[in-house]
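The next block holds one structure in the form of C-alpha cells; read it before the comments.
Note that ligands are numbered from 1 as they come in the structure, with each ligand's atoms numbered from 1 the same way.
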Amino acid sequence: MDNASVEKKYNEAREILAETGVKADEALQKLEAYQLSIHCWQGDDLRGFEQATSELSGSGLQVTGNYPGRPRNVEELRQDLEKALSLIPGRHRLNLHSIYGEFDGPVERNEYEPGHFRGWLDWAKVHDLKLDFNATCFAHPRAASGLTLSHPGKEIRKFWVEHVKACRKIAAFFGRELKSCSIHNLWIPDGLKDWPSNRWLYRRLLFESLEEIFETEYSQTQLKDSLESKLFGLGSEAYVVGSHEFYLTYALKKGKMVCLDLGHFHPTESIADKISAIMTGGGELLLHLSRGVRWDSDHVVLLNDELEALSEEIVAVPNPDRIHLALDYFDASMNRVGAWVLGARAVIRSLLRALLLPKKQLEEAELKGDNLGKLYWRQYARDLPFGSVWDYYCLTHQVPLENQWLEKIKEYEKAVLCKRN
Ligand code: RNT
Ligand code: ZN
C-alpha cells in the first residue's frame, strides 16, 4: 500500500470512529505517552555476558528452542536490538539484566559496578534510549538451591544482598546519566519444590534482606524500585517466598512499586482488574507483559482478549506516568528479533485499540443500567477499523505497516542471522 492509500484509509476510519464520538487524532496523540521497556534478554535466550558459564537450569527459568542466529557478543545483540527498534513505532526504553554487563574477565555479581555498563550507556545515548535494570538472582551456583535473599545461610544471603545493592547503584547511575529515572525490578526465584516446613522462616529472611537492600536511598529522579511476585515456578511448585501478598504489603509500607507479570497469577485471575484495585489510592505500578500458557509463563505476547482487557485498564489510569510497561518473555524457538517486534507491536496496537473504544457509550449504558446496550457497544467495537489507524501510526513513525514487517525480519535473517553460527 502506498502512503496516499494509508492516509485515505485513515481518513475513512476517522470518520467511522467519529460516529461514536471517538477522535482518532487525539487517540494517536495519547498513544505517544506510552513507552515500552524492551527486554534485552529476548535477544539471546537470557544468556548474558558473564565470563563464568552461567547455566540457567536449576534456576527457575528455562528457555526452550534452538533457532539459529543467536547473537554471539554484545555488538551482535545491539545490532539485533537496533533492527527490532527500527520496526517498532514510537520511542521506547531498554531493559537490561545485570548479566549483560561488559566484563573484562570473571567478575563476581556482588562486585558489579556502573563501569561495566558504560558501553550500554554510550550506546543508549547514541540511540536516544533510556535504561531500566534488573538484578540477576538466578543462573548462578549460589542460587543452585533455589534460595537467594531468603537462604538460611548468612553468607549466601549476604552475597545476594550485595548483588542487589550493586544493581540499584547501577540503575541510579543510568537514571542520573540519562536524566530519566531508571526502574530497578527485583525478581528472585526463591521457593520450595515441596511442602514447606516453615513458611515464616524464609519470608522473615527475605524481609530482612529487603530492609538491608533498601537502606540505601536514592532520589526518585534516578531510581525507582519495583518488586515482582510469582505464583510458582520450576522448582518452587509448592511455595514461593516472594508471593503477591508478601510484596504488595511490603511495597505499600515502603513506598515501592510492585510488578505484576502477566504469567505470574492463576490462569483465571485478571491482571486487568488488579490495576485500579492497586492504584486507586495512588502510587505507581510496573507491568511485565508476558503470556502464560498452562503452567508456563514467558511466551511471546500476542494481541488477545487478555491484552485487550489489560490495555483498556492501562489507558484508564489517570496519569500515564504512573504506569510502567515492560516486555518480559523469552522464546528461542523462533527468529528472536521477530519475537521482540511481534510482542512490542501487539502491546502498542492493543493500547491504540483501547484508546479508540466507544467509551462514552459503554460507560453511559452501564450507569443507566442498560445491560444490553453495554454489551451491544462492546460487540459493535469489534469491527471498528482499528487497523487503518494503526497503519497510519506506523506510517507517521516511519516503520513498516502491519503487513510489511515480517518480510523485513526474513530479509534480516537471511542477510545477518544465518551467517552466525
Ligand atoms: C521470572 C520473572 C522475571 C524474569 C526476568 C528475566 O519469572 O518474570 O521478570 O522473567 O527477570
Ligand atoms: Zn517478569
task = Could you establish whether Phe330 and ligand 1 come within less than 4.0 Å of each other, counting only heavy atoms on the residue side?
result = yes

query = Does Asp328 come within less than 4.0 angstrom of ligand 1, counting non-hydrogen atoms of the residue?
reply = yes

Restricting to N, O or S atoms, which atom of [X] is closest to the Zn ion (ligand 2)?
X	answer
Asp328	OD2
Glu228	OE2
Asp261	OD2

Which of the numbered atoms in ligand 1 are under 4.0 angstrom from any heavy atom belonging to [X]?
X	result
His97	5 (C), 6 (C), 11 (O)
Lys230	1 (C), 7 (O)
Leu61	1 (C), 7 (O)
His264	1 (C), 2 (C), 7 (O), 8 (O)
His288	9 (O)
Asp261	8 (O)

ask   = Does the side chain of Val161 reach to within under 4.5 Å of the side chain of Lys158, using non-hydrogen atoms?
value = no

ask   = Are Leu186 and Asn134 side-chain neighbours, meaning at least one heavy-atom pair lies under 4.5 Å?
value = no

query = Cationic tip of Lys256 within the cone over Phe214's six-membered ring, i.e. under 6.0 Å and within 45° of the normal?
reply = yes

inquiry  = For a quick check under 3.5 Å, do Glu162 and Tyr112 share a side-chain donor-acceptor pair by atom type?
reply    = no

ask   = Distance only, no hydrogens: is a donor on one side chain within 3.5 Å (strictly under) of an acceptor on the other, for Glu82 and Trp123?
value = yes

request  = Examine Ser297 against ligand 1 and note whether any of their N/O atoms are separated by less than 3.5 Å.
outcome  = no

query = Which of these, Phe117, Trp120, Tyr100, Phe103, sits in a ring pair (Phe, Tyr, Trp, His ring centres under 6.0 Å) with Phe49?
reply = Tyr100

ask   = Can you name the one residue among His299, His39, His288 that meets ring pair (Phe, Tyr, Trp, His ring centres under 6.0 Å) with Tyr329?
value = His39

key: Proximity of His163 and Phe159 rings by center, below 6.0 Å   = no

remark   = Any heavy atom of Asn134 under 4.0 Å from ligand 1? The part involved is neither

ask   = For Trp41, which of Asp298, Asn95, Asp328 qualifies under side-chain hydrogen bond (donor to acceptor under 3.5 Å, both in side chains)?
value = Asp328

message = So that I can check it, does any N, O or S atom in His288 come closer than 2.8 Å to the Zn ion (ligand 2)?
response = yes

